[in-house]
Amino acid sequence: MKLVRWFLGCIILFFNFVFTPRSKKRASDEQAQLDLQTSQFKLYQFKACPFCVKVRRAIKREGLNIETRDAKDNEQYRQELLEQGGKVKVPCLRIEKNGQVQWLYESNDIIAYLNKVAA
(Lines give C-alpha, C1' and ligand atoms only; values in the text may rest on other atoms or scores of the structure.)
Protein backbone atom coordinates (compact mmCIF):
# COMPACT_ATOMS: atom_id res chain seq x y z
CA MET A 1 0.00 0.00 0.00
CA LYS A 2 2.89 2.36 0.78
CA LEU A 3 4.33 1.74 -2.67
CA VAL A 4 1.00 2.58 -4.32
CA ARG A 5 0.69 5.82 -2.32
CA TRP A 6 4.28 6.75 -3.14
CA PHE A 7 3.73 6.09 -6.84
CA LEU A 8 0.47 8.06 -6.95
CA GLY A 9 2.13 10.90 -5.02
CA CYS A 10 4.91 11.04 -7.63
CA ILE A 11 2.33 11.18 -10.42
CA ILE A 12 0.43 13.99 -8.67
CA LEU A 13 3.62 16.01 -8.15
CA PHE A 14 4.73 15.44 -11.74
CA PHE A 15 1.48 16.68 -13.24
CA ASN A 16 1.40 19.59 -10.80
CA PHE A 17 4.89 20.57 -11.99
CA VAL A 18 4.05 20.21 -15.69
CA PHE A 19 0.73 22.08 -15.48
CA THR A 20 1.58 24.79 -12.94
CA PRO A 21 -0.96 27.65 -13.16
CA ARG A 22 0.09 31.22 -13.84
CA SER A 23 -0.24 33.85 -11.15
CA LYS A 24 -2.56 36.81 -11.48
CA LYS A 25 -0.85 40.03 -12.44
CA ARG A 26 -1.55 42.98 -10.14
CA ALA A 27 -0.18 46.46 -9.69
CA SER A 28 2.84 46.37 -7.39
CA ASP A 29 1.14 48.41 -4.64
CA GLU A 30 -1.94 46.17 -4.76
CA GLN A 31 0.27 43.05 -4.62
CA ALA A 32 2.24 44.49 -1.69
CA GLN A 33 -0.98 45.16 0.22
CA LEU A 34 -2.18 41.61 -0.46
CA ASP A 35 1.19 40.18 0.62
CA LEU A 36 0.95 42.13 3.87
CA GLN A 37 -2.61 40.89 4.44
CA THR A 38 -1.58 37.24 3.92
CA SER A 39 1.81 37.42 5.65
CA GLN A 40 0.40 35.80 8.78
CA PHE A 41 -1.21 32.90 6.90
CA LYS A 42 0.40 29.45 7.12
CA LEU A 43 -0.66 26.41 5.12
CA TYR A 44 -0.03 23.09 6.85
CA GLN A 45 0.16 20.42 4.18
CA PHE A 46 1.63 17.17 2.92
CA LYS A 47 3.63 17.56 -0.26
CA ALA A 48 1.88 14.86 -2.35
CA CYS A 49 -1.63 15.13 -0.87
CA PRO A 50 -4.04 15.83 -3.78
CA PHE A 51 -6.16 18.21 -1.69
CA CYS A 52 -3.04 20.10 -0.61
CA VAL A 53 -1.92 20.33 -4.23
CA LYS A 54 -5.35 21.73 -5.08
CA VAL A 55 -4.96 24.47 -2.43
CA ARG A 56 -1.37 25.26 -3.44
CA ARG A 57 -2.50 25.62 -7.06
CA ALA A 58 -5.23 28.05 -5.97
CA ILE A 59 -2.63 30.03 -3.99
CA LYS A 60 -0.37 30.16 -7.05
CA ARG A 61 -3.27 31.10 -9.35
CA GLU A 62 -4.23 34.02 -7.08
CA GLY A 63 -0.60 35.12 -6.73
CA LEU A 64 -0.65 34.89 -2.93
CA ASN A 65 2.46 34.72 -0.79
CA ILE A 66 1.60 32.14 1.89
CA GLU A 67 4.13 30.09 3.83
CA THR A 68 3.69 26.34 3.44
CA ARG A 69 4.57 24.00 6.29
CA ASP A 70 5.09 20.30 5.61
CA ALA A 71 3.41 18.55 8.54
CA LYS A 72 4.44 15.13 7.26
CA ASP A 73 8.22 15.54 7.26
CA ASN A 74 8.60 18.17 10.00
CA GLU A 75 7.71 16.99 13.50
CA GLN A 76 7.53 20.54 14.87
CA TYR A 77 4.88 21.57 12.33
CA ARG A 78 2.98 18.33 12.96
CA GLN A 79 2.94 19.08 16.71
CA GLU A 80 1.77 22.67 16.11
CA LEU A 81 -1.05 21.36 13.95
CA LEU A 82 -2.08 18.83 16.59
CA GLU A 83 -1.77 21.07 19.66
CA GLN A 84 -3.02 24.36 18.26
CA GLY A 85 -5.31 23.21 15.44
CA GLY A 86 -6.71 20.26 17.33
CA LYS A 87 -6.03 17.51 14.79
CA VAL A 88 -3.45 16.38 12.25
CA LYS A 89 -5.52 16.90 9.13
CA VAL A 90 -4.33 18.61 5.99
CA PRO A 91 -4.71 20.92 4.24
CA CYS A 92 -5.12 23.37 7.08
CA LEU A 93 -4.79 27.13 6.82
CA ARG A 94 -3.72 28.98 9.96
CA ILE A 95 -5.11 32.51 9.76
CA GLU A 96 -3.83 35.09 12.22
CA LYS A 97 -5.65 38.42 12.16
CA ASN A 98 -5.71 41.06 14.89
CA GLY A 99 -4.10 38.69 17.39
CA GLN A 100 -6.79 36.04 16.83
CA VAL A 101 -5.95 32.65 15.30
CA GLN A 102 -8.38 30.64 13.20
CA TRP A 103 -7.70 27.17 11.81
CA LEU A 104 -9.48 26.44 8.54
CA TYR A 105 -9.71 22.86 7.27
CA GLU A 106 -11.15 21.45 4.03
CA SER A 107 -9.63 22.42 0.69
CA ASN A 108 -12.81 23.93 -0.77
CA ASP A 109 -13.33 26.14 2.31
CA ILE A 110 -9.70 27.29 2.20
CA ILE A 111 -9.90 28.12 -1.49
CA ALA A 112 -13.19 30.02 -1.04
CA TYR A 113 -11.66 32.03 1.81
CA LEU A 114 -8.51 32.83 -0.21
CA ASN A 115 -10.59 33.87 -3.21
CA LYS A 116 -12.45 36.37 -0.98
CA VAL A 117 -9.16 37.71 0.39
CA ALA A 118 -7.72 38.13 -3.11
CA ALA A 119 -10.84 39.76 -4.55
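Quick note: residue numbers are just sequence positions, from 1. Since we're looking at a predicted model, the values are computed, not measured. The basis for the numbers below is simple: all heavy atoms, side chains too, and nothing from hydrogens, waters or symmetry mates.
Under the side-chain hydrogen bond (donor to acceptor under 3.5 Å, both in side chains) criterion, K42 pairs with no residue, sequence neighbours left out. Taking the side chain to side chain contact (heavy atoms under 4.5 Å, CB included) definition, one finds that V117 meets it with L34, Q37, T38, F41, Y113, sequence neighbours left out. Remark: E80 pairs with Y44, R69, Q76, Y77, Q84 by the side chain to side chain contact (heavy atoms under 4.5 Å, CB included) rule, at least two apart or across chains. Residues passing the side-chain hydrogen bond (donor to acceptor under 3.5 Å, both in side chains) test with Q31 are R26, D35, sequence neighbours excluded. Applying the side-chain hydrogen bond (donor to acceptor under 3.5 Å, both in side chains) test to Q102 and every residue at least two apart in sequence or in another chain returns nothing. In terms of the side-chain hydrogen bond (donor to acceptor under 3.5 Å, both in side chains) criterion, R61 has no residue partners (sequence neighbours excluded).
In this structure, the side chain of R22 does not engage the main chain of K60 through any donor-acceptor pair within 3.5 Å.
If you take CD on Q100 and NZ on K97, they are separated by 10.0 Å, rounding to the nearest 0.5 Å. Atom CG of L13 is separated from atom SG of C49 by 10.5 Å, given to the nearest 0.5 angstrom. We find the CG-NZ distance between N16 and K47 to be 10.5 Å, quoted to the nearest 0.5 Å. Note: Q45 CD to T68 OG1 = 5.0 Å, rounded to the nearest 0.5 Å. Here CD1 of I111 is found 10.0 Å from CD of E62. Values are rounded to the nearest 0.5 Å.
Under the 4.5 Å side-chain heavy-atom criterion for Ile, Leu, Val, Met, Phe, Trp and Tyr, L64 and I95 are members of the same hydrophobic cluster. Under the 4.5 Å side-chain heavy-atom criterion for ILVMFWY residues, no single connected hydrophobic cluster contains both V53 and V55. Hydrophobic cluster membership is shared by L104 and L43, with clusters built from Ile, Leu, Val, Met, Phe, Trp and Tyr side chains linked at under 4.5 angstrom. Placement of L3 and I12 in two distinct hydrophobic clusters is found when ILVMFWY residues are connected by side-chain heavy-atom separations under 4.5 Å, directly or transitively. A chain of hydrophobic side-chain contacts below 4.5 Å, direct or via other Ile, Leu, Val, Met, Phe, Trp or Tyr residues, connects Y105 to V90.
For the pair S39 and N65, the minimum side-chain heavy-atom distance is 4.5 Å or more. The side-chain heavy atoms of W103 and L81, taken from C-beta on, include a pair separated by under 4.5 Å. Contact of the L114 side chain with the I66 side chain is registered, since non-hydrogen atoms from C-beta on lie closer than 4.5 Å. Looking at Q40 and V101, their side chains never come closer than 4.5 Å, going by heavy atoms from C-beta outward.
The environment of CD in E67 is crowded: more than 12 heavy-atom neighbours from other residues, nucleotides or ligands sit within 6.0 Å.
Each of Q79, K72, R78 was evaluated against V88; a single residue qualifies, R78, per the side-chain contact (heavy atoms from CB on, under 4.5 Å) test.
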